[in-house]
Q: 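Right, I'll just put the structure down here and ask away after.
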Protein chains: 2
Amino acid sequence: MLQVQELFLMPKITELRTLQIGELSRRTGVNIETIRYYERIGVMPNPLRTEGGHRAYNEHQLKQLAFIKKSRELGFSLEEIRALLHLVDAGTYTCSEVHEMTMEHLERVRQKISDLRRLERVLKAMAADCSRGDVPECPIIDALFDARRNS
Amino acid sequence: MLQVQELFLMPKITELRTLQIGELSRRTGVNIETIRYYERIGVMPNPLRTEGGHRAYNEHQLKQLAFIKKSRELGFSLEEIRALLHLVDAGTYTCSEVHEMTMEHLERVRQKISDLRRLERVLKAMAADCSRGDVPECPIIDALFDARRNS
DNA sequence: TGTAGGATCTGTAGTTGCTACAGGTTCAAG
DNA sequence: CTTGAACCTGTAGCAACTACAGATCCTACA
């Protein structure tokens, strides 16, 4: 894997492990197109390039992308992630700031859950009214046509 | 409000109450731009036009838009709504077909709820670890950087 | 009859977070 | 030296709207 030639070309020990975009993608589970998209919108930094123009990532960028992925999985928007990374990069963040952002996000998640639970309840009720028969009349359709009934 | 002139111009009694788009919007709570959007993508039918080119809606279209709105509020996609309306318009739907679509939708809603509940749990745990202090170190950030920890 | 204004018209572009090409390079192995 | 995989840029598409710009219609009032 590691070839003799490579050892002589290394500029610094810290850049020994530069990754191509494909390898970065495999390691993080983030789609290649998505990585380039993150770069375009400024969520990921512009990486160094090889002479041929291929992106060369380092360990820091690997961690950063993992951070982004994890945050996305937790439902943070790219805007929120950008803010978090900015705080972290500037080194100016405080624990309470981060806590606050997290709690705001948590609140939005809880709101969504409660909205969806309401939907679930209404859908369940509608479906329960339904005979499931082979007939062209259905209380679900009736309910949908009746804008006044809401639960 | 109702003028003598209008009474003579009426082609049919059933079209006595044609609505302009603004009035339709007010009655259904659906944004004007959204109504035109629904027309463009074929979810709402092309309405009749006045001589000047203004859209003139009838009661049926009012009901149809109310149906769409209600369905959207219940989280049905426009694609699903299109299918439902198609069944209804063709008069070929059976109650069990509608029931099935509703149950499929309900299943997706439940899946979303369970996904969000997982998020909620993780976010809550992360926030609980946090000192909320005025210091530049935060277990939330640490957790986000650590892609391996998932709950 | 003229005009002011509100409502409407069309068409296009923006939003979020990606994904999917097309058509062209680069790079490593055989 | 060629083949093929991996990479490059740039653009367009998805859902479900929303937000204009710039034009036209319509009605009421002077």
Q: Does the protein touch nucleotides 4-20 of chain D at the base, only the backbone, or not at all? Give it as B, S and - per nucleotide, heavy atoms under 4.0 Å.
A: ---SSB------BBBBB

Q: Rounded to whole angstrom units, what separation is found between the CD1 atom of A:I41 and the P atom of C:dG17?
A: 7 Å

Q: Would you kindly give the CG-to-C1' distance between B:L24 and C:dC9, to the nearest whole Å?
A: 16 Å

Q: The criterion is salt bridge (charged side-chain N to carboxylate O under 4.0 Å, His left out); which residues satisfy it with A:E79, sequence neighbours excluded?
A: A:R82

Q: In whole Å, what is the span from the CZ atom of A:R108 to the P atom of C:dT16?
A: 14 Å

Q: Can you list everything that forms a side chain to side chain donor-acceptor pair (under 3.5 Å) with B:Q111? Sequence neighbours excluded, please.
A: B:D115

Q: What is the bend of the helix from C:dT1-D:dA30 to C:dG30-D:dC1 when you compare the axis at one end with the axis at the other, using five pairs each and rounding to 10°?
A: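 Answer for the end axes of this duplex: 30°.
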
Q: For B:H99, enumerate each residue passing the side chain to side chain donor-acceptor pair (under 3.5 Å) test, keeping only those at least two apart in sequence or located in another chain.
A: A:R132

Q: Could you work out, with salt bridge (charged side-chain N to carboxylate O under 4.0 Å, His left out) as the rule, every residue matching B:E80, not counting sequence neighbours?
A: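 Result, salt bridge (charged side-chain N to carboxylate O under 4.0 Å, His left out) vs B:E80: B:R108.
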
Q: Using distance only, find each side-chain donor-acceptor pair of residues 33-48 of chain A under 3.5 Å and give its atom names and separation, not counting sequence neighbours.
A:
unit_1	atom_1	unit_2	atom_2	d
A:E39	OE1	A:R55	NE	2.7

Q: List the residues meeting side chain to side chain donor-acceptor pair (under 3.5 Å) with B:R110, not counting sequence neighbours, and say none if there are none.
A: A:E120

Q: Considering residues at least two apart in sequence or located in another chain, which fulfil the side chain to side chain donor-acceptor pair (under 3.5 Å) criterion with B:S131?
A: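 Partners of B:S131 under the side chain to side chain donor-acceptor pair (under 3.5 Å) test: none.
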
Q: What I'd like to find out is whether the side chain of A:H86 reaches to under 4.5 Å of the side chain of A:D89, using heavy atoms alone.
A: no

